[in-house]
Amino acid sequence: MALRGLVLAFLLVLLPQLGKQRESSGAGAVSGKTEEGKREEEKCTKPLWDPRIRFVPDQESYNLNRTVTLACPDGYRPSATEITCVKPSPRQGLPAPQSIWLMKNSTGSRQLAAEYVRCVETCQRPHWDPRLRLAPDQEKYRKNEEVTLSCPEGLQPSYPHVRCSREEQTINRGKPVNRELWLGRDSSDTWTHIRASVECVGKCQKPQWDPRIRFVPDKASYNLNETVILTCPVGYWLSHTEVSCMKQNPRQGSTASQSIWHEKNGRGRWQPVERNMICVDVFQVVAGTLEVSSTSIKLNWTCSLPDACQNMQAVCQLAGPSSPPCKAEKVMEQEILHGQKGTFACPPLQPFTVYSVTISVPPSTILFTQHLRTKAMVPQKPEQLQLDARTGTLRWKALPSCRGEIIGYQLNFTARRAHDGTFLNFQQVTVNHSVTQYTPPPQSPGSKYTVTVQGLTAAGAGDASSLEFQAYISVSGQFLGSWPWTAVTVVVVLSVMVILSAVIVWFVLSRRRKAVPIKAEEDHYIGRAPAQSCSHMKTQTSTV
């Protein structure tokens with residue numbers, strides 16, 4: 001009994017210890033699996049890029065910080081030469097990031113390999129002039145990668161810019177293969193096939209030709225294949241107006257190429273310059289024959305060298321764009337001149353307008369050029385001429401200087417009697433070009449006025465705008481305006497009535513004055529008659 005109790009107590013103590021040991025053993029197994037999973041997560045798997053890419057070393061996965069070299073078949077190169085497996089640092093509060101690939105680009109810096117890495121076509125470094133310096137300086141160049149070439153001081157490459165290209169070419173068995181092809185950019189920015197070696201050649205020095213020749217551009221030396229435009233002063237002719245610095249083939253017994261000047265002939269082909277170039281005075285405008293009127297330009301010309309004056313072009317056109325309100329019609333008269341002398345006249349032109357007259361020999365030799373302004377004409381009549389009835393002020397719209405510079409305005413006033421048109425007086429007033437209103441002095445009521453306004457240019461007075469009005473009156477300094485015809489009529493009628501009334505009154509008064517003496521005589525006669533009668537009666541009585 002005591003033995004059974006002792007065994008039971010032993011089991012009660014041992015079982016918990018066994019459970020703890022088992023739990024500890026199980027936790028250790030799980031932890032081992034977790035650590036192993038972490039190690040797997042920290043690796044980088046082999047990328048699924050261009051199948052032609054070879055990985056060195058070639059594995060299914062790579063440990064952290066492991067650098068892998070990439071390679072491609074002959075004639076190709078990988079867009080990235082090296083990749084490295086890295087794990088970014090975790091950010092606070094975010095789950096641990098996964099491992100990623102960084103690639104080494106062509107500049108040597110590392111960047112995220114987020115783009116597709118592939119095998120691209122390449123060209124081997126060309127075996128040209130050993131003095132050439134290539135930038136970038138590499139053993140292989142990607143297709144269409146541009147390379148800049150340079151040479152030691154005093155020399156320059158025959159092509160300063162080249163780029164790698166490839167083209168398909170069939171071989172005997174008819175299988176297409178790619179071969180390297182280099183293109184060079186010439187002076188006209190055109191890419192051409194380089195069929196020979198690119199060399200360092202000397203520059204062309206500015207030639208010591210006629211000092212009157214102008215070089216465009218004007219430099220002390222010129223690069224290979226650089227084109228220069230030559231011009232002479234106006235009135236002078238040059239046999240060739242375009243030259244270029246070009247490489248001359250090596251002379252017999254020499255392996256070095258030389259750079260010499262070439263000229264473009266009449267057929268557009270380049271040929272070496274074999275003589276000194278000079279400006280020849282061949283064209284003249286006959287003195288005193290240049291005539292400019294308000295509507296035409298004409299001149300007489302002579303040419304001392306017929307060969308130089310073949311196919312001369314004479315052009316007459318507007319010197320610049322016109323602007324409202326003086327809108328000039330576009331003129332483009334072109335005439336081919338022949339012979340040793342002749343006359344050139346522009347078509348009908350507009351007055352007071354600048355035209356360009358140019359006589360040239362193609363492509364760029366200017367024999368004569370001049371800007372000429374046609375002469376002025378009298379202006380058009382002013383518009384919107386009106387009288388302010390409140391103030392008695394005349395106003396008009398300013399004239400534009402289309403036919404000539406407006407130098408002023410001329411106003412003519414003619415006064416006549418309103419009732420019969422009899423001439424009273426005439427007055428002429430000239431105002432400045434900036435004045436567009438005028439207040440005439442007060443006029444006498446009952447007068448009719450005619451006013452004309454004309455613009456003035458160097459050619460004289462233009463068409464007139466006219467206006468008629470009756471004289472205005474002033475009351476307390478305020479102009480009441482011109483009198484209407486009804487008011488004039490009333491005044492005339494009243495004047496006539498007053499005159500007639502005065503005549504009637506005078507006639508009546510005159511009649512009365514004549515009537516008073518007659519009545520007095522009658523009264524005197526009547527007064528004396530009774531007296532005489534009485535006296536006669538008295539005499540008779542006394543006689544009796």
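All residue numbers refer to positions in the sequence shown, counting from 1. Keep in mind the model is a prediction, meaning the values are calculated, not measured.
- Using modelled atom types, one side-chain atom of R214 and one backbone atom of C232 make a donor-acceptor pair closer than 3.5 Å.
- Residue pairs meeting the salt bridge (Lys or Arg N to Asp or Glu O under 4.0 Å) criterion with at least one member in residues 399-417: none, sequence neighbours excluded.
- A donor-acceptor pair under 3.5 Å is formed between the side chain of Y141 and the backbone N or O of P136.
- Within 6.0 Å of NE2 in H433 there are 12 or fewer heavy atoms belonging to other residues, nucleotides or ligands.
- A heavy-atom distance below 4.5 Å is not found between the side chains of W182 and V198.
- Between I213 and M277 the shortest heavy-atom distance is CD1-O, 3.4 Å.
- With sequence neighbours left out, the salt bridge (Lys or Arg N to Asp or Glu O under 4.0 Å) criterion links K219 to E226.
- Formation of a donor-acceptor pair under 3.5 Å by the S158 side chain with backbone atoms of E199 is found in this model.
- Going from atom SG of C303 over to atom CG of L367 covers 7.5 Å, rounded to the nearest 0.5 Å.
- No donor-acceptor pair under 3.5 Å is formed between the side chain of T365 and the backbone N or O of W237.
- Looking at L181 and H193, their side chains come closer than 4.5 Å, going by heavy atoms from C-beta outward.
- By the 4.5 Å heavy-atom criterion applied to side chains, D463 and Q454 are not counted as neighbours.
- In this structure a side-chain-to-backbone donor-acceptor pair under 3.5 Å is missing from Q428 to N412.
- The distance from atom CG of L299 to atom SG of C346, rounded to the nearest 0.5 Å, is 7.5 Å.
- The environment of CD in Q427 is crowded: more than 12 heavy-atom neighbours from other residues, nucleotides or ligands sit within 6.0 Å.
- Across all non-hydrogen atoms, the minimal contact from Q271 to H240 is NE2-NE2, 4.3 Å.
- Side chains of Y222 and V243 form no contact here, defined as non-hydrogen atoms less than 4.5 Å apart.
- Nearest heavy-atom pair, K330 versus L318, reported as atom, atom and distance to 0.1 Å: CA-CD1, 3.9 Å.
- Side-chain N or O atoms of D388 include none that pairs as donor or acceptor with a backbone N or O of T393 at under 3.5 Å.
- Counting non-hydrogen atoms of neighbouring residues, nucleotides and ligands closer than 6.0 angstrom, the NZ atom of K397 reaches no more than 12 such neighbours.
- In this structure, Y409 contributes its side chain and L399 its backbone to a donor-acceptor pair below 3.5 Å.
- In this structure, C245 and K203 have side chains that are not in contact, with every pair of non-hydrogen atoms separated by 4.5 Å or more.
- Counting only residues at least two apart or on different chains, no side chain to side chain donor-acceptor pair (under 3.5 Å) pair has a member in residues 370-380.
- In this structure, F426 places its CZ atom where more than 12 heavy-atom neighbours from other residues, nucleotides or ligands lie under 6.0 Å away.
- The main-chain N or O of Q205 is found under 3.5 Å from a side-chain atom of W261 such that the two form a donor-acceptor pair.
- Between L456 and T430, some side-chain heavy-atom pair lies under the 4.5 Å cut-off.
- Other residues, nucleotides and ligands contribute only 12 or fewer heavy atoms inside 6.0 Å of the CZ atom of R118.
- Ring geometry, Y438 versus F413: the interplanar angle falls from 30° to 60°, so the pair is classed tilted.
- Closest heavy-atom contact between T289 and V286: OG1-O, 2.6 Å.
- Formation of a donor-acceptor pair under 3.5 Å by the T457 side chain with backbone atoms of M377 is found in this model.
- Considering only heavy atoms from C-beta on, Y236 stays 4.5 Å or farther from I278 through its side chain.
- The shortest side-chain heavy-atom distance between P348 and T295 does not fall under the 4.5 Å cut-off.
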